[in-house]
Each structure stands twice: as C-alpha cells, then as structure tokens.
Protein chains: 2
Amino acid sequence: MHDPSLRQLRTFLFVVQTGGVTTAAQALGLTQPAASQQLRELERAMGVRLLERVSGRSVPTAAGRALIEPARRAQAAVEDARAVAAAHRSGEAGRVRLGTGATACIHLLPPVLAELNERMPGLEVIIATGNTPDILRRVEEGDLDAALVTLPAALGRSLTATRVATDPLVALLPEAMAPSGRPSLTAADLERLPLILYETGANTRAIIDAWFRRAGLAPRPIMELGSVEAIKVLVAGGRGCSVLPALALGGDVAGAVVRPLRPALARQLAVVLRKEKVVDRGLGRLRAALKGAGGQPG
Amino acid sequence: MHDPSLRQLRTFLFVVQTGGVTTAAQALGLTQPAASQQLRELERAMGVRLLERVSGRSVPTAAGRALIEPARRAQAAVEDARAVAAAHRSGEAGRVRLGTGATACIHLLPPVLAELNERMPGLEVIIATGNTPDILRRVEEGDLDAALVTLPAALGRSLTATRVATDPLVALLPEAMAPSGRPSLTAADLERLPLILYETGANTRAIIDAWFRRAGLAPRPIMELGSVEAIKVLVAGGRGCSVLPALALGGDVAGAVVRPLRPALARQLAVVLRKEKVVDRGLGRLRAALKGAGGQPG
DNA sequence: CATGCGGATAAGTTTTCCGCATGCACGATC
DNA sequence: GATCGTGCATGCGGAAAACTTATCCGCATG
C-alpha cells in the first residue's frame with residue numbers, strides 16, 4: 001500500500017468542502033480529470049472508497065469522513081512548516097547559538113543583545129559560555145554557530161575569525177595610588193605598583209605579559225584572580241592596581257581611577273565561525289551588532 | 001514556491017535523526033543521490049538552507065531545527081490517516097447511518113444492534129428516526145446510508161429495497177374480550193369489537209385497512225393513536241382490542257392475549273438504499289443482522 | 001428529445017523521481 | 001605528504017507519475 005500524498009489529501013478535502021470534483025479542481029487550479037485521478041489514486045492507496053456520487057454531489061463515505069480530520073491535521077502541519085521556513089527566510093525568525101570564550105565578553109554582550117532584540121525581535125540568541133578551546137571545538141562541530149573570542153586564538157583550519165572590536169586595556173588604580181600629573185602609565189610605572197592581574201593562562205593575561213615584555217619588564221602581581229569583578233573590588237578597596245579591558249569596567253569604578261596605557265594596548269575581539277558556514281540573516285545581524293558595539297575593529 | 005512533499009519531509013527527518021544523508025537514504029530504501037536530490041528540492045521549495053555539512057555529519061540549521069516539529073506532526077497526521085483507513089478497510093471500524101421510518105422498527109433494532117456490536121465491535125451505528133418519506137429522501141441525498149421501512153413504500157427511481165423480514169400482524173385483546181375456542185380471528189370478528197388502531201396515514205394502518213377491505217369491511221376504531229406503547233396499555237386496561245405488529249409486542253402483554261389473524265397478515269420490512277450504493281462491510285453486516293432477526297424474509 | 005452539468009475514461013505529453021556513474025572535499029592511514 | 005576511504009554533490013538516462021486535452025456516459029432539466 002502506497003502512502004497518500006499531501007496533494008491527494010488536499011484535493012480530497014477540497015472535494016468534501018465544495019461538494020464536487022469539478023469545483024474542487026478549479027479551486028486548486030487544475031483540471032477536473034486531474035482531481036479525479038488523484039481521488040482514485042488516493043482511494044487505491046488507502047484501499048477504501050472515500051467518496052460517493054449522489055444526486056449531483058460528491059459525499060464522503062464513512063471512511064472518508066473519518067479521513068477528514070487527520071488530513072486537515074497534515075495540511076495544517078505542512079502549512080506550519082512553510083510558515084516557519086518563510087519566517088526564517090525573511091529573517092523574521094532565526095536562532096543563533098553564540099559561544100563566548102572569555103568572561104570579559106559577558107560585559108560586551110548585553111547592549112549588543114538589546115540592540116539585536118530591537119532590530120530583529122524574532123531572533124533567538126543562545127549564549128553558551130566556556131573556555132576558549134572548548135567553545136571553538138563546539139563551533140567546529142556545528143554545535144554552536146559562532147564564537148566571540150579574544151585574539152590570538154588557536155583556530156583550527158576549518159575556522160575563520162573576523163575582527164569585530166578593539167577593546168583597549170587600561171590601568172585601574174585606587175585614587176590614592178594614581179600618580180598625579182601623568183595622563184597615561186607605562187609598564188615601568190605599573191611595575192612599581194602592587195599589581196592584581198588576571199590569572200596566568202588567560203588570554204588577556206598573556207596580552208598584558210607581552211606588553212610588559214616589550215618594555216623589557218615582567219609583571220610581578222601580588223594577586224592573580226580569574227574574576228574581573230573581584231579584581232575591581234580589590235582595586236577599589238585600595239589593595240593594588242590592575243590592567244583590565246575597558247569593556248570590563250563598564251564605566252567608572254567607585255574609589256578607583258582609570259588611566260590609559262602607554263604605549264596603548266588593546267585586545268582584539270573576533271567572531272569565529274566555520275569557513276563553510278553560510279551566514280544567515282540572524283548571524284549576520286549578530287555579527288554586525290558586535291562590530292558596532294565594541295569600538296574600532298582595528 | 002512549491003509545496004514541500006511528504007517524502008521530502010520524511011527524508012529530512014531521517015537525515016536529522018541519523019546524522020547523515022547516506023544512512024538516511026538506506027534507511028528509506030533508496031540511494032544516496034535520491035535523498036540528496038530530495039533535500040535540495042526541499043531547501044529550494046522552502047527557500048532556506050536546512051542542513052549543514054560539518055565534519056562528516058549533517059546538522060540541521062536553525063531553520064532546519066524549527067522545521068523538525070511541524071514535519072513530525074505532518075508525518076504523524078498522515079500515519080493517522082493511514083491507520084484510520086486501514087481500520088475501515090479491514091472492517092474493524094466503520095459507520096452506518098440508518099434511518100427507520102416507522103416507530104415499530106425501534107422494537108426490531110435493539111437485538112440487531114446487540115448482535116452487530118458483538119460481531120463487529122468497531123462499527124458505529126447511527127439511528128435516525130423520522131417519517132418514511134423524509135427518511136427516504138435523506139437516503140437519496142446520501143445523508144443516510146440505509147433506511148429500514150415497511151413496504152410498500154414510495155421509492156424513488158434511485159432507491160432499491162431488499163426485504164429483510166416479515167413481521168406478522170396479530171390481534172391483541174383484553175382477556176375479557178378474547179373469544180374462546182377460536183384460535184384465530186377474522187376481520188369480521190374484529191369488526192364487532194372496539195378497536196384501538198394506529199393513526200390513519202401510518203403505513204401499518206394502511207395495511208390493516210387493506211386487510212379489512214379484502215374482507216369487505218372497514219374498521220371503525222374507537223381510538224387512533226400514533227404510539228404502539230399507548231395502544232398496548234389501553235388494550236391491557238380492557239379499553240378495546242387492536243391489531244399490532246408482532247415485533248412491537250416484544251413478548252407477552254400482561255392482561256392481554258395475542259391471537260393470529262385469519263387470513264394471516266404480515267407487513268414486509270425492507271432495507272432501502274440507493275441503487276449505486278457500495279455496500280461496505282459495516283452496511284453488509286447491518287443488513288445481514290436485520291435479515292436474521294426478523295423472521296422469514298417472505 | 002435536446003441540452004447542460006458533473007464525472008469517468010483514454011491517450012499523449014510534460015514533469016518528477018530514481019538509479020547508476022562520476023567527481024569533489026575532507027579526514028584517516030601508512 | 002601521498003594515498004585511500006568516506007560522504008555528499010552532480011550529470012545523465014530510463015521509469016513512473018501527474019497533468020492536459022479530448023471524448024464519452026449518466027442524469028437532471030426544459
């Protein structure tokens with residue numbers, strides 16, 4: 001027994017509704033024999049008579065009446081499928097699964113997501129957090145659509161990164177420690193102060209270490225922490241000073257002052273996705289919003 | 001934009017489930033290029049990419065994931081349709097709408113329906129009551145599948161009647177009125193007694209009148225009623241005697257005696273259906289049960 | 001009895017679908 | 001790093017399906 005086709009069920013429903021094969025046929029935009037053949041084929045596939053011709057009208061049999069409801073359900077389901085696809089095609093709907101590698105990225109996302117929600121309300125954004133290698137692996141496997149990480153990152157050959165933002169690193173000092181008359185601080189300046197830095201191994205910490213290294217110095221932090229919030233609290237409490245991404249500060253920190261570095265230091269934020277990834281509208285919008293939110297893509 | 005086909009949705013679901021086009025193809029019993037083509041056609045029809053190839057596996061995109069649920073619903077609905085049709089084909093299920101013209105038929109139906117329910121539990125029988133012409137009209141229009149009426153009936157040319165039972169008419173008398181020593185009663189016997197008969201115009205009444213007419217007499221009832229139950233009560237109360245279908249008595253009537261008529265009189269019960277009506281299993285069973293329940297089809 | 005309507009049927013054509021063969025990309029293996 | 005194996009895409013040819021045109025039949029109507 002063959003499966004009934006959607007078209008056959010549709011024609012059947014139209015016949016039941018209009019009460020005639022001819023009317024149903026022209027409502028469906030095809031000729032009467034075509035509709036007749038579909039009905040015959042449907043009856044053959046189901047092994048049951050579905051329609052009776054009675055006094056000029058076509059009336060469903062018992063089996064036909066029983067078939068109406070599931071046939072309607074099938075039609076509705078396919079219609080839903082089409083609607084869903086249309087929503088995705090037009091960009092009204094969509095889903096983007098984004099992984100963020102560093103915790104600092106969390107400070108960048110909220111305004112981005114707010115803007116995204118405003119410009120594309122139907123887009124569903126799923127944020128997954130984790131360490132950078134894990135996030136990148138999930139992107140490679142297709143479990144995530146994109147990742148927002150700080151460069152440099154160990155990208156596989158199947159991944160590609162596009163810079164979306166430059167996040168300057170700045171010095172954060174307690175008001176008491178801030179050298180007066182100096183708008184910006186050098187590595188030598190900081191090296192003389194008690195430092196509270198990111199934990200070793202984090203990407204941002206590696207960038208900071210390289211900056212010190214370029215000045216021929218090596219930072220000797222009195223504390224290393226994995227949480228930027230904890231560092232901020234400690235600096236505000238006068239325990240030491242730190243070098244933090246400007247984005248992570250989110251504005252002023254009470255009891256602490258922000259000073260730029262000299263030479264300027266910044267980390268690169270990039271969106272990483274698979275090379276073959278087709279950028280649909282939702283992903284494109286997310287990437288655009290990230291680009292716009294994070295300063296110059298440098 | 002073309003409609004997606006059931007087969008395409010099915011293939012898509014299999015690909016999502018198995019994680020590969022090839023595995024899905026062989027699970028569906030077709031070759032890999034066939035499945036590939038279906039997927040391509042489905043994506044073209046929907047205007048959205050549905051699958052991504054990533055590291056040897058096929059993973060649904062956002063649109064694809066959104067499509068899974070309605071696609072499953074469509075599959076399930078069609079499966080339901082098939083199941084329903086299969087039930088009707090095998091005779092497990094079915095529906096027969098039967099119209100009964102005379103109220104007397106109600107006395108015949110209960111045992112018939114009981115037997116029917118025993119032999120074909122899935123069969124749904126719908127009984128519609130009404131006067132004979134109305135019932136027959138509804139049969140002609142396909143609103144009813146069959147009618148159980150007493151002959152003769154004014155059948156249209158599109159209807160055909162098959163006799164299913166002979167229902168003898170008998171005299172019902174109060175014990176006080178029963179003539180002793182006479183096993184059967186003639187029209188002359190009854191003409192001398194107070195008669196309580198069906199109302200004029202009813203089919204059964206016409207048969208009784210004709211029986212009297214054949215004896216050169218005309219009944220002069222003291223009462224005419226449309227309810228056989230009411231007549232039974234009146235006869236049992238000694239108010240008069242009547243001529244009733246044996247089936248309508250359903251057994252003995254307390255306080256009354258039953259006597260056969262001489263010459264014997266019977267009415268024919270017939271199942272009426274449209275000439276072109278295809279007799280499915282449910283209708284056939286119903287007709288057979290009616291034949292078996294009502295005495296000789298005469 | 002002619003006519004119109006609705007449906008069934010037949011034949012021919014276009015479209016679709018599938019299988020086979022082939023090519024391409026990626027990952028694994030030696 | 002060259003080779004092999006796997007998985008998917010593509011092109012082509014034949015089979016099957018679906019649609020259209022044309023015709024016929026039954027039935028109701030004037």
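All chains are named by letter (A, B, ...) in the order of the sequence lines, taking the proteins before the strands, and each is independently numbered beginning at 1. As the structure is a computational prediction, the values presented were derived from the model and not from experiment.
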How would DNA chain D look in dot-bracket form, 5' to 3', counting Watson-Crick and G-U wobble pairs with both distances under 3.5 Å and writing | for bases paired to another strand?
-> ||||||||||||||||||||||||||||||
Check the distance between [N]'s [atom2] and [X]'s [atom1] and give it to me in whole angstrom.
X     : N      : atom1 : atom2 : answer
B/L51 : D/dG7  : CG    : P     : 16 Å
A/R57 : D/dC27 : CZ    : P     : 17 Å
A/E43 : C/dA8  : CD    : C1'   : 12 Å
A/Q8  : D/dC19 : CD    : C1'   : 14 Å
B/R10 : C/dC18 : CZ    : P     : 11 Å
B/D3  : D/dA18 : CG    : P     : 15 Å
A/L28 : D/dT20 : CG    : C1'   : 16 Å
A/L6  : D/dA18 : CG    : P     : 13 Å

Phosphate contact (C/dG7 OP1 or OP2) by A/T22 side-chain N/O below 4.0 Å | yes
For C/dT16, does either OP1 or OP2 sit under 4.0 Å from a side-chain N or O belonging to B/R7?
-> no
Which part of the nucleic acid does [X] contact within heavy-atom distance under 4.0 Å: base, sugar-phosphate only, or nothing?
X     : answer
A/S58 : sugar-phosphate
A/T31 : base
A/A34 : base

Electrostatic pair [X]-[Y], nearest N-O below 4.0 angstrom:
X      : Y      : result
A/R40  : A/E43  : no
A/R138 : A/D134 : no
A/R137 : A/E140 : no

CA sep, side-chain torsions, deciding dist, call: B/L123, B/V96, side-chain contact (heavy atoms from CB on, under 4.5 Å) | CA-CA 8 Å; B/L123 182 63; B/V96 176; 3.9 Å; yes
For B/R274 and B/T160, what are the C-alpha separation, side-chain angles and deciding distance, and is it a side chain to side chain donor-acceptor pair (under 3.5 Å)?
-> CA-CA 6 Å; B/R274 280 185 299 108; B/T160 176; over 6 Å; no
Quick one: which protein N/O atoms are closer than 3.5 Å to N/O atoms of nucleotides 10-17 of chain D? Pair and distance per line, please.
none

Tell me which donor-acceptor pairs under 3.5 Å the side chains of residues 23-35 of chain B have, and how far apart each pair is, sequence neighbours excluded?
from: B/T23; atom 1: OG1; to: B/T18; atom 2: OG1; distance (Å): 2.9
from: B/T23; atom 1: OG1; to: B/G20; atom 2: O; distance (Å): 3.1
from: B/Q32; atom 1: NE2; to: B/S36; atom 2: OG; distance (Å): 3.2

List the steps and the verdict of salt bridge (Lys or Arg N to Asp or Glu O under 4.0 Å) for B/R72 and B/E69.
-> CA-CA 5 Å; B/R72 285 227 172 92; B/E69 189 267 346; over 6 Å; no
Can a donor-acceptor pair be found between the side chains of B/Q38 and B/T11 at a distance below 3.5 Å?
-> yes
Given the rule in the side-chain contact (heavy atoms from CB on, under 4.5 Å) test, do B/Q8 and B/L39 qualify, once you have shown the distances and angles that lead to the verdict?
-> CA-CA 6 Å; B/Q8 289 165 356; B/L39 295 172; over 6 Å; no
